[in-house]
Number of protein chains: 2
Amino acid sequence: MAKDKKPRRPRAETPKGFRDYFGAEVTERAQMLSQIAEVYRAHGFEALETSAVETVEALGKFLPDVDRPNEGVFAWQDEGGDWLALRYDMTAPLARVAAQFRNDLPSPYRRYTMGPVWRNEKPGPGRFRQFYQCDADTVGASSVAADAEICGMLADALEAVGIERGDYIVRVNNRKVLNGVMEVAGVLDPTDPEKFAEERGIVLRAIDKFDKFGEEGVRALMGKGRMDASGDFTKGAGLSDAQADVVMGFMNAKRDTGAETAARLRELVAGSDLGAQGVDELEYIAQILEAQGYGPDRIVIDPSVVRGLGYYTGPVFEAELTFEILDEKGRKRSFGSVAGGGRYDDLVKRFTGQEVPATGVSIGVDRLLAALRAKGRIGGEAAGPVVVTVMDRDRMGDYLAMASELRRAGIRAEVYLGNPKNFGNQLKYADKRQSPVAVIQGADEAERGVVQIKDLVLGAKIAASASVEEWKSQPAQFEVPLAHMVAKVQEILARNGGN
Amino acid sequence: MAKDKKPRRPRAETPKGFRDYFGAEVTERAQMLSQIAEVYRAHGFEALETSAVETVEALGKFLPDVDRPNEGVFAWQDEGGDWLALRYDMTAPLARVAAQFRNDLPSPYRRYTMGPVWRNEKPGPGRFRQFYQCDADTVGASSVAADAEICGMLADALEAVGIERGDYIVRVNNRKVLNGVMEVAGVLDPTDPEKFAEERGIVLRAIDKFDKFGEEGVRALMGKGRMDASGDFTKGAGLSDAQADVVMGFMNAKRDTGAETAARLRELVAGSDLGAQGVDELEYIAQILEAQGYGPDRIVIDPSVVRGLGYYTGPVFEAELTFEILDEKGRKRSFGSVAGGGRYDDLVKRFTGQEVPATGVSIGVDRLLAALRAKGRIGGEAAGPVVVTVMDRDRMGDYLAMASELRRAGIRAEVYLGNPKNFGNQLKYADKRQSPVAVIQGADEAERGVVQIKDLVLGAKIAASASVEEWKSQPAQFEVPLAHMVAKVQEILARNGGN
């Protein structure tokens, strides 16, 4: 560490909350995104890459009645006085594009997009200020067939990246059904949408805590309130037991089949037009998914899905991975949500005044990558390139030619380009590169037209076991004619699973 | 257009100098970058994706003696008071990473990176404030074998994306040779590098204008100065004719073979140690490239390459595409430079105090894409997805199932999800999507178990030619049993080159 009072050098540090991605972290993500893109494209979705920078005005991120942008975005003032900001999601830029290019884009407009977004938030463990999003949206389709299409496509995308059928489930709900339930419970008045807003907020938050507080806790929050273990009291929504029964009925409405669940929901929203419409939509979605072969082993109606409901206006959906992993305390738990979305109908209106229906899904790129790692689909020991060592500085051309020859055979290969004087350093380098094979040719070998091929994987194993007999019976280094170099390297790589 | 005094809606506009990329613009670039990445990886280069945001301090972009960052970057002050900025190239972040992770990274460290960079500059036609860079660098290798490797890899990368051998040339020069020439000409004193800095600056700028001003103009600039057609006078470097002869000799030193060029350069720098070292390096590069089979049809020593010499300390190189295109005035001209780079040895030192040798290349992503388009390698008429039309809203499940079946056969396909009432709108949509085929099934067809397959490409041709005989003899619409839908669509697609 440099002392404080030395002439100051710049700190070589990634800014707080940001990170760099190395090697396989980059290529594995790129591969996963390319597999997802292929599924999206097959469904007629077109790629869109908006600029990373938007006007704060287009993002709608000015604080109310203030000239400064919301603190949640990274923003700065242009020379011209305009406020610019980095996009914080992919939906706001889509709304801008849908408005800006509305005369040129087909309608409905299906698009997918993949890239980083930025959040000016306090970073925390695993929470970064730049991360990837991967979205697919359909703009301009009011039919919930568009929502159904996205649910099916999401299932296809998960399978395409390596999540097997049975390891995931896409759950579908509808905000209209929940609003219908609220109406029946007497906390939503269709003629005065603002009325009971506070109560509904408390109910929504309570539902969202179902996993944590259980039925009793949620009931307390819907009623007078809930005292936690520390004695803190959270004020309740003030619903009567009968009202709370209606909402709890909704939470517990899932039945064995979609048809039974829908029938139960229809009972619960009896008397609410909005609720009935929501159930119709769910039935329609279930019906057309079934027609395409997406059975309840992949996509189910599940009233307990209540994700970000403030934002959505119709169907909402969530993909959950159902296999178990060990959490940080060694307990088994199911992997959980990796994607979600739903219908939102107001975003384009901000720009044009026209209501444009839209629905879409966002895949949590980092979560899905973590899942693929947990399933062993990616992230096995990545073998590095074959390293051609340099024994004789004057014969660099020959070494580079050997590497070329290996590459022509489809093998990753490189020549050691550091100072070749210390051969030990060359092998240490090969080790750091996780090279499976080193190729060695000194003056003597060159004269005889041979090379030494060192199996570094086997060498490491032998070094670990350290029995002299094994050492002798399993040589980790082979001398072959130069003409057999590629074949020998291929043979060793085949044993170790390629590079 | 909204009137000025209406309640104001946000403008739906990409910020000035930024742009959005649609469909094939995104996928063609992604494909090209993935082909380049494959070549880089085969050479042992590892992917790196740094955060888009850096501290201004790490970028070295503070104005001298001022607390505000250089205006060339997009920068803002964090809550903590730190200045953050968007990266303006890929080299500054690499230097930061090489310093920050120096104990973990292998040395030499070969890495490639691809992504957007941002410049806070006045936008102009074709000049954007966000654009892609694609770089490969080797950090920690002082041998110019590293430079040679990158030149060869650059040739491989160009061929991998579809630039044929003969359509490109990689030119290599060495800054040390030019400095040697300056020394011989008496405008560089090795014991006092600052001396004659102004004269050398004028000479460098003059050399750079060789294409524009010709030999006579360059000679004038090296001597007393040059008067242009408008009568404006540019002050010259004040070199004598003998001095100017030396520099002009350098510019014209290219001979038929690399060996002859090197011999001529060696004559020119006679007496300069630095110059002799530069010629040695060029000869070494030529020799080891030759050993790998990169002949002068692909990589040549060319003393006229003088790119960004202020930044570089040794070998410099540039890839030029040699085929001709028509410029905006319809004149033939050669396509020109698409990549360049060289050796720079001081970047990491800013952070650690240690000198770390480095060399690298940057491919101009947009220029190379434009070249591939000019050569017809990409950007042909991109066919859109097959559109399954909706004749009967209640049978949406069936239509979605048809699209699924087409996709399972590897065909991009989608169902029209707009309001299906007006069938003409559905065909207009298919037209906007550049769909090659529409699938139609009304109640009658459904009952008979058939579908109508409309060849939209042929239909458009017939509509254009408009002869009744052709119309009759070449029907553009076919009725087939539903079970033959995929086969018939495949047949039509094959005729039109797939989708």
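Order of the sequence lines sets the chain letters (A, B, ...), proteins ahead of strands, with each chain counted from 1.
Residues passing the side chain to side chain contact (heavy atoms under 4.5 Å, CB included) test with A:Ala141 are A:Pro108, A:Thr138, A:Ala146, B:Leu417, sequence neighbours excluded.
Only the side chain of A:Tyr429 has a heavy atom closer than 4.5 Å to any heavy atom of chain B. Residue A:Tyr399 does not touch chain B at all, counting heavy-atom pairs closer than 4.5 Å. Contacts of B:Arg102 with chain A are absent, with no heavy-atom separation under 4.5 Å from either backbone or side chain. With a threshold of 4.5 angstrom between heavy atoms, A:Leu48 approaches chain B through its backbone and through its side chain. When heavy atoms are compared at a cutoff of 4.5 Å, A:Thr352 approaches chain B solely by way of its backbone atoms N, CA, C and O. Only the backbone of A:Arg393 comes within less than 4.5 Å of a heavy atom of chain B; no side-chain atom from C-beta onward does. Residue contact with chain B, scored on non-hydrogen atoms closer than 4.5 Å, is absent for A:Phe128. Heavy-atom distances place no part of A:Arg395 under 4.5 Å from chain B, backbone and side chain included. Residue contact with chain B, scored on non-hydrogen atoms closer than 4.5 Å, is absent for A:Asp431. Looking at B:Phe45, only its backbone comes within 4.5 Å of chain A, counting heavy atoms on both sides. Looking at A:Ala37, neither its backbone nor its side chain comes within 4.5 Å of chain B, counting heavy atoms on both sides. Only the side chain of A:Asp78 has a heavy atom closer than 4.5 Å to any heavy atom of chain B.
For B:Glu38, the CD atom is loosely surrounded, since the number of other residues' heavy atoms within 6.0 Å does not exceed 12.
With chain B as the partner, the residue from A:Pro357, A:Gly397, A:Ala148, A:Gly115 showing the most heavy-atom pairs under 4.5 Å is A:Gly397. Heavy-atom pairs under 4.5 Å with chain A were tallied for B:Ala30, B:Ala403, B:Ala58, B:Ala42; the largest tally goes to B:Ala42. Interface check for chain B: of the options A:Leu406, A:Asp82, A:Val387, A:Val415, the most heavy-atom pairs under 4.5 Å are formed by A:Val415. Ranking B:Gly80, B:Gly44, B:Ala291 against chain A, the residue ahead of the rest is B:Gly44, based on heavy-atom pairs under 4.5 Å. The candidate from B:Glu25, B:Arg110, B:Met402 with the greatest count of non-hydrogen atom pairs under 4.5 Å with chain A is B:Arg110. For chain B, the option among A:Glu290, A:Glu46, A:Arg350, A:Arg407 with the highest count of heavy-atom pairs below 4.5 Å is A:Arg407. In terms of non-hydrogen atom pairs under 4.5 Å with chain A, the most contact-rich of B:Ser142, B:Ser143, B:Ala145, B:Pro106 is B:Pro106. Between chain B and the options A:Asp104, A:Thr113, A:Asn425, the largest number of non-hydrogen pairs under 4.5 Å is found for A:Asp104. With chain A as partner, the option from B:Asp156, B:Leu105, B:Asp398, B:Leu289 having the largest number of non-hydrogen pairs under 4.5 angstrom is B:Leu105. The greatest number of non-hydrogen atom pairs below 4.5 Å with chain B, out of A:Glu79, A:Gln77, A:Glu49, A:Glu414, is found for A:Glu49. Interface remark: of the candidates A:Ala12, A:Pro116, A:Ala99, A:Ala12 forms the most heavy-atom pairs closer than 4.5 Å to chain B.
Within the 4.5 Å cutoff, the side chain of B:Leu86 has heavy atoms near those of the A:Leu86 side chain. In this structure, the side chains of B:Asp20 and A:Arg96 come closer than 4.5 Å at one or more pairs of heavy atoms.
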**Prompt:** Does the side chain to side chain contact (heavy atoms under 4.5 Å, CB included) test come out yes or no for A:Gln287 and B:Met396, once each step is laid out?
**Reply:** CA-CA 9 Å; A:Gln287 172 216 319; B:Met396 185 58 93; over 6 Å; no

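Judged by distance alone, the side chains of B:Ser51 and A:Gln130 never bring a donor and an acceptor atom under 3.5 Å apart.
A:Trp76 and B:Trp76 have parallel rings, their planes meeting at less than 30° on a 0 to 90° scale where 60° marks the start of perpendicular. Ring geometry for B:Phe101 versus A:Phe22: interplanar angle over 60°, hence perpendicular rather than tilted (30 to 60°).
Checked by atom type and distance alone, the side chain of A:Arg129 never pairs as donor or acceptor with a backbone atom of B:Val53 at under 3.5 Å. Although no hydrogens or angles enter the test, the distance criterion places no donor-acceptor pair under 3.5 Å between the side chain of A:Arg41 and the main chain of B:Arg412.
A side-chain hydrogen bond (donor to acceptor under 3.5 Å, both in side chains) with A:Ser404 holds for exactly one of B:His43, B:Gln292, B:Glu149; it is B:Gln292.
To the nearest 0.5 Å, atom NZ of residue A:Lys428 and atom OG of residue B:Ser107 are 12.5 Å apart. The distance from the CD atom of B:Glu54 to the OG1 atom of A:Thr14 is 7.0 Å, given to the nearest 0.5 Å. The OH atom of A:Tyr109 sits 12.0 Å away from the NZ atom of B:Lys432 when rounded to the nearest 0.5 Å. The CD atom of B:Glu13 sits 8.0 Å away from the CD atom of A:Glu57 when rounded to the nearest 0.5 Å.
When all heavy atoms of B:Thr55 and A:Pro15 are compared, the closest pair comes out as N-CG, 3.6 Å. The two residues B:Trp118 and A:Ala52 have their closest heavy-atom pair at CZ2-CB, 3.7 Å.
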